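Structure, as structure tokens:
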Amino acid sequence: MAQEDIFKKIIAHCKEYGFIFQSSEIYDGLSAVYDYGQIGVELKNNIKQYWWDAMTKLNENIVGIDAAIFMHPRTWEASGHVGAFNDPLIDNKDSKKRYRADVLIEEYLEKLEGKIQKEVDKAAQRFGDAFDEKQFRATNQRVLDNQQRIDETKSRFVKALENSDLADLKKIIEDAEIVCPLSGSKNWTDVRQFNLMFSTQLGSVSDEASTIYLRPETAQGIFVNFLNVQKTGRMKIPFGIAQIGKAFRNEIVARQFIFRMREFEQMEMQFFVQPGSEMEWYHFWKEKRIKWHRALGMGDAKYRFHDHEKLAHYANAAADIQFEYPMGFREVEGIHSRTDFDLGNHEKFSGRKIQYFDTELNKNYTPYVVETSIGLDRMFLSIVSNAYTEETLEGKDEGRVVMKIPAILAPVKLAVFPLTKKDGLPETARQIMDELKFDFNCQYEEKDTIGRRYRRQDAIGTPFCITIDHQTKEDNTVTIRHRDTMEQERVPVAKLREIMEEKVSMRKVLKNL
Ligand code: GAP
């Protein structure tokens with residue numbers, strides 16, 4: 001099945017089973033804004049807990065905060081967002097549709113790469129085991145031509161972005177003969193810069209001074225609280241501050257479901273270090289973070305690093321952790337060495353001294369910062385897109401759709417089923433559920449056949465279903481049915497809590513980080 005079709009199915013599945021709904025759907029929705037449903041919110045909370053515990057519980061020198069979304073407007077001047085948080089936009093004069101110029105060029109490059117891959121795949125099929133991909137890429141003329149186009153465009157593109165050369169961005173689009181996907185025309189406007197921050201008015205007077213922004217990143221709430229936390233928490237460098245919260249960006253190319261939204265959630269940690277030691281910590285956190293991802297067991301090959309060629313205005317090194325989504329490898333998390341840019345600028349703009357006295361070095365300095373910043377919604381998307389599995393079942397007409405969500409993150413950990421609605425089985429099932437519900441998110445179901453109930457739980461990713469049958473009344477045992485293998489085992493009721501704890505608790509995964 002084409003990746004695009006799989007992605008559509010995942011989106012439909014997320015809606016059908018209460019993971020994610022379009023925001024304000026009864027009014028035809030709001031573009032690039034989504035609501036998490038009754039199952040989605042559980043998964044989201046579990047991801048947050050996995051991240052929060054890994055940061056704050058496993059590291060004595062990392063503490064958390066929860067800063068406000070609204071901040072003093074000077075914050076965003078100091079951070080550089082008022083001046084530099086822009087996307088280069090271009091309009092097609094015929095369709096009147098607006099695009100990000102950089103995205104149009106990136107898509108063009110991806111198309112060329114796709115063409116090369118097609119040639120390689122075709123040749124691999126033709127030559128079989130004897131195929132030498134390296135040699136093919138070095139000698140096939142069509143591949144060489146496309147590779148040359150990619151290299152030339154890429155190097156012009158990086159330079160144009162670095163120099164904010166909007167005229168050259170337009171020229172690249174024209175030279176590559178990129179057409180508007182809607183009108184098919186090459187009738188483009190000039191490229192203009194567009195600030196991504198949402199603004200609103202504070203109070204009732206609508207003048208310049210009362211314009212405030214919805215934060216485009218949570219990080220600034222940490223920077224402005226650096227001294228508060230350092231002093232009240234008696235923190236010694238190196239130390240970190242972690243935060244989970246909403247961020248807002250007026251994204252122009254907002255698409256691919258929850259991958260790029262206008263309202264989204266970030267989990268960020270700023271790690272404050274001695275100037276000069278930032279590269280060591282940058283590499284430390286790169287490794288630590290990819291390990292956190294891989295520990296979920298979704299497959300190491302699903303992740304890769306992408307080192308940035310063009311650095312953000314505040315960074316001296318930056319890399320993304322990319323995940324292989326249905327639409328290809330894309331950024332799920334960024335690790336940035338932000339230097340002393342933010343604290344230094346807040347010192348300048350606020351007029352307050354924001355420094356740290358290092359008792360070991362016996363001197364004051366502005367700490368450097370290494371940041372880890374992960375999009376909660378992108379993490380969510382990586383999990384549901386990886387989990388979505390269609391299976392045919394031997395000897396059955398119907399297959400099943402099963403969400404193979406890592407058990408520690410599963411929205412519902414176990415479902416409790418009485419085999420029938422009579423003979424006291426529901427009462428026994430309720431008793432078992434009443435014992436387990438304090439430790440695990442459980443669902444009770446007695447309607448429909450056991451098979452149907454299994455399917456419903458498979459669809460929301462419940463890793464274990466417990467069935468109470470007539471034998472339970474005789475020997476106090478139940479069956480546990482495993483989601484992924486569909487195997488069943490019989491276990492004593494008295495052992496259920498311990499068995500579940502072993503299988504779904506985060507403890508074991510956290511211990512291995
Ligand atoms: N404080 C640094 C920062 O905000 P970023 O690379 O712009 O850096 C960090 O964003 C992470 O936030 C990204 O890796 C991505 O997972 C997530 N993110 C950014 N923009 C997003 C959007 N429009 N929708 C969903 N997630 C987004």
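Both ligands and their constituent atoms are indexed starting at 1 by order of listing. No hydrogens, no waters, no symmetry mates; every other heavy atom, side chains included, goes into these values. Since this is a predicted model, take the numbers as computed values, not measurements.
Taking atom 5 (P) of ligand 1 as the reference point, the nearest protein heavy-atom neighbour is R249 NH2, 3.9 Å. Nearest non-hydrogen protein atom to atom 17 (C) of ligand 1 is G375 CA, 3.6 Å. E331 OE2, 2.5 Å is the protein heavy atom nearest to atom 14 (O) of ligand 1. Scanning the protein for heavy atoms near atom 15 (C) of ligand 1, the closest one is R378 NH1, 3.5 Å. In terms of protein heavy atoms, atom 24 (N) of ligand 1 is closest to M261 N, 2.9 Å. With hydrogens left out, the protein atom closest to atom 2 (C) of ligand 1 is E371 OE1, 3.0 Å, a heavy atom.
The existence of a salt bridge linking E391 and R400 is confirmed by a sub-4.0 Å separation between a basic side-chain nitrogen and an acidic carboxylate oxygen. Of the charged side-chain nitrogens involved, at least one lies within less than 4.0 Å of a carboxylate oxygen, so that R156 and D168 count as a salt-bridged pair. A salt bridge does not link E42 with K48: every distance from a Lys NZ or Arg NE/NH1/NH2 to an Asp or Glu carboxylate oxygen is 4.0 Å or more. Residues E360 and K236 are not paired through a salt bridge, judged by the lack of any N-O separation under 4.0 Å between the basic side chain and the carboxylate. Using a cutoff of 4.0 Å between basic side-chain nitrogens and carboxylate oxygens, D484 and K404 are not scored as salt-bridged.
Contacts between Q266 and ligand 1 below 4.0 angstrom, taking non-hydrogen atoms only, involve the side chain exclusively. When heavy-atom distances to ligand 1 are checked against a 4.0 Å cut-off, R262 has no atom that comes that close, whether in backbone or side chain. Residue R260 touches ligand 1 through backbone and side chain together, judged by heavy-atom distances below 4.0 Å.
Residue-ligand proximity: V332 is placed with a non-hydrogen atom under 4.0 Å from ligand 1. Residue R338 places a heavy atom under 4.0 Å from ligand 1. Residue contacts with ligand 1 do not include E265, since none of its heavy atoms lies under 4.0 Å from the ligand.
The nearest pair of heavy atoms linking I321 to R289 is CD1-CB, 3.7 Å.
Note: M267 CE to E333 CD = 7.5 Å, rounded to the nearest 0.5 Å. The distance from atom CD1 of I90 to atom CD1 of I252, rounded to the nearest 0.5 Å, is 13.5 Å.
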